[in-house]
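When a ligand or atom number is given, it counts from 1 through the structure's own listing order. In this text, all values refer to a predicted model and were calculated from it rather than measured experimentally. These values consider heavy atoms only, across backbone and side chains, with no hydrogens, waters or symmetry-generated copies.
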Amino acid sequence: MEKHQTAASNENEEKEPFPLIDGIRWVPEWGLESLYFALSYQARADDLFIVTYPRSGTTWMQNIVYNLQTGGQPFDADRDHFFEQNPTLELDGELGIEIMQRPGAIKTHLPMDRVSNHPLAKYICVIRNPKDVCVSYYVFYNMLGEVPKLEFDQFFQYFIDGRLLLNDYFEVLRSTWQRRNEDNVLLVSYEDMRTDLRSVICKVANFINIVLSDELLEQVMQHSSFDYMKDKFDAERRMFEAKIIENTEDKIAAAQRREKFIAESEMKIVRKGEINDWKSFMTPEQSRRIYDRFMATCKNCEGLENYWSKWNIF
Ligand code: A3P
């Protein structure tokens, strides 16, 4: 496939907010090398991936896994270690994987069907209901540097049309759901984590072969709690980023990163942490349109139609 492929060859092409690059909607300023590296990455037998659509609880899962792998150590005990154990495949690229401290977990927002599948590698997929993802993504998106700011209605339309950065939520959900019963895949939802974190931690520990004592379970509960993470995670993330900028020898790359860093000074990964926050953003009409789009794409995904019914999403 030709690498530089634009979204659509119609007259609206110039209005596409995010070009399709090798099938992935991307911000070119973020760099193409790391994206191509991610798309051609061959998984190793000892790889553990955390595969999610943005704003689905990725960071939360990273923390749970990290706590489990380190015997309960919180991310802020050794921030460099945390971030070096948890590279983002499509952003950190080859260097991120090269310096990755293992065991660890490779985070990616690539759709499951674009992530290299090794029979011995493991894949933790976190899904979240489309309405809360849409709202959380909207708030987050507007705190990103290098992207045009969007009003909610416009963002919503892109979400429904599957034209947002990092692809179509509904297609990604469908491709993830289809893999949920494979031996090396663990699928959990944000809603499960929010409702019964203890059970999710047990499932994750079992999946990655960590013996879970009562003491370790309590530590993971505490260090991955909303209050703990809200208090510290974004501050630690920024300090790590500042250090990377300081150590970047290439002056142009350092200046670009610094500009992004300043533009994103208000960015918060850990925000509200609620189920059904969409109710304060969406009109009934928008809520219905999400359901219609969900059904149009996912109607043949057995069990998915009612998956979120106990949380009254639809
Ligand atoms: P909200 O914006 O709805 O608050 P990701 O890491 O994939 O970007 O997901 C971010 C979402 O997960 C945000 O949702 C964030 O607040 C929520 N989150 C992060 N840590 C959490 C925690 N410990 N408990 C509950 N929600 C958490």
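With respect to atom 6 (O) of ligand 1, the closest heavy atom belonging to the protein is T59 OG1, 2.5 Å. Distance from atom 26 (N) of ligand 1 to its nearest protein heavy atom, with residue and atom name: Y190 OH, 2.7 Å. Nearest protein neighbour of atom 23 (N) of ligand 1, counting heavy atoms only, is S224 O, 3.0 Å. Here the heavy atom of the protein found nearest to atom 20 (N) of ligand 1 is M229 CE, 3.5 Å. G57 N, 3.2 Å is the protein heavy atom nearest to atom 9 (O) of ligand 1. Considering only non-hydrogen protein atoms, atom 16 (O) of ligand 1 sits nearest to R271 N, 2.8 Å. The protein non-hydrogen atom at the shortest distance from atom 7 (O) of ligand 1 is T58 OG1, 2.4 Å. Of all protein heavy atoms, the one closest to atom 8 (O) of ligand 1 is R55 NH1, 2.9 Å.
Considering only heavy atoms from C-beta on, Q101 comes within 4.5 Å of H81 through its side chain. The shortest distance between side-chain heavy atoms of W30 and L165 falls below 4.5 Å. Side-chain contact between L48 and P103: absent, with no pair of heavy atoms (C-beta onward) separated by less than 4.5 Å. Between F294 and W308 there is a side-chain heavy-atom pair separated by less than 4.5 Å.
Ring-centre distance between F152 and F281: below the 6.0 Å cut-off.
Ligand 1 has a nitrogen or oxygen under 3.5 angstrom from a nitrogen or oxygen of S136. Annotation: P54 places no N or O atom under 3.5 Å from an N or O atom of ligand 1; distance criterion only. Remark: ligand 1 and S56 share an N or O pair separated by less than 3.5 Å (distance only, no angle test).
Ligand 1 has V270 within reach: a non-hydrogen atom of the residue lies less than 4.0 Å from it. Contact annotation: I269 has at least one heavy atom less than 4.0 Å from an atom of ligand 1. The closest approach between F233 and ligand 1 stays at or above 4.0 Å for every heavy atom of the residue. Within the structure, ligand 1 lacks Q62 among the residues with a heavy atom less than 4.0 angstrom away.
At a cut-off of 3.5 Å, with distance as the only test, a side-chain donor of D47 or Y41 sits close to an acceptor on the other residue. R180 and T176 share no side-chain donor-acceptor pair at under 3.5 Å.
Nearest to atom 4 (O) of ligand 1 by heavy-atom distance, out of K230, K272, H223, is K272. For atom 22 (C) of ligand 1, the choice among Y137, F140, W60 with the nearest heavy atom turns out to be W60. Among R128, M61, H109, E274, the residue whose heavy atom lies closest to atom 3 (O) of ligand 1 is R128.
In summary, the atoms of ligand 1 found under 4.0 Å from a heavy atom of S225, numbered by their order in the structure, are 23 (N).
Judged by distance alone, the side chain of T195 and the main-chain N or O of E191 form a donor-acceptor pair under 3.5 Å.
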Test log, rule salt bridge (Lys or Arg N to Asp or Glu O under 4.0 Å), inputs K243 and E246: CA-CA 5 Å; K243 186 185 135 185; E246 214 172 281; over 6 Å; no
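Atom NZ of K251 has 12 or fewer heavy atoms from other residues, nucleotides or ligands within 6.0 Å.
Look at E241 and R238 and you find no salt bridge, because none of the NZ, NE, NH1 or NH2 atoms lies under 4.0 Å from a carboxylate O.
For the atom pair NE2 (H109) and OG1 (T58), the distance works out to 4.5 Å, reported to the nearest 0.5 Å.
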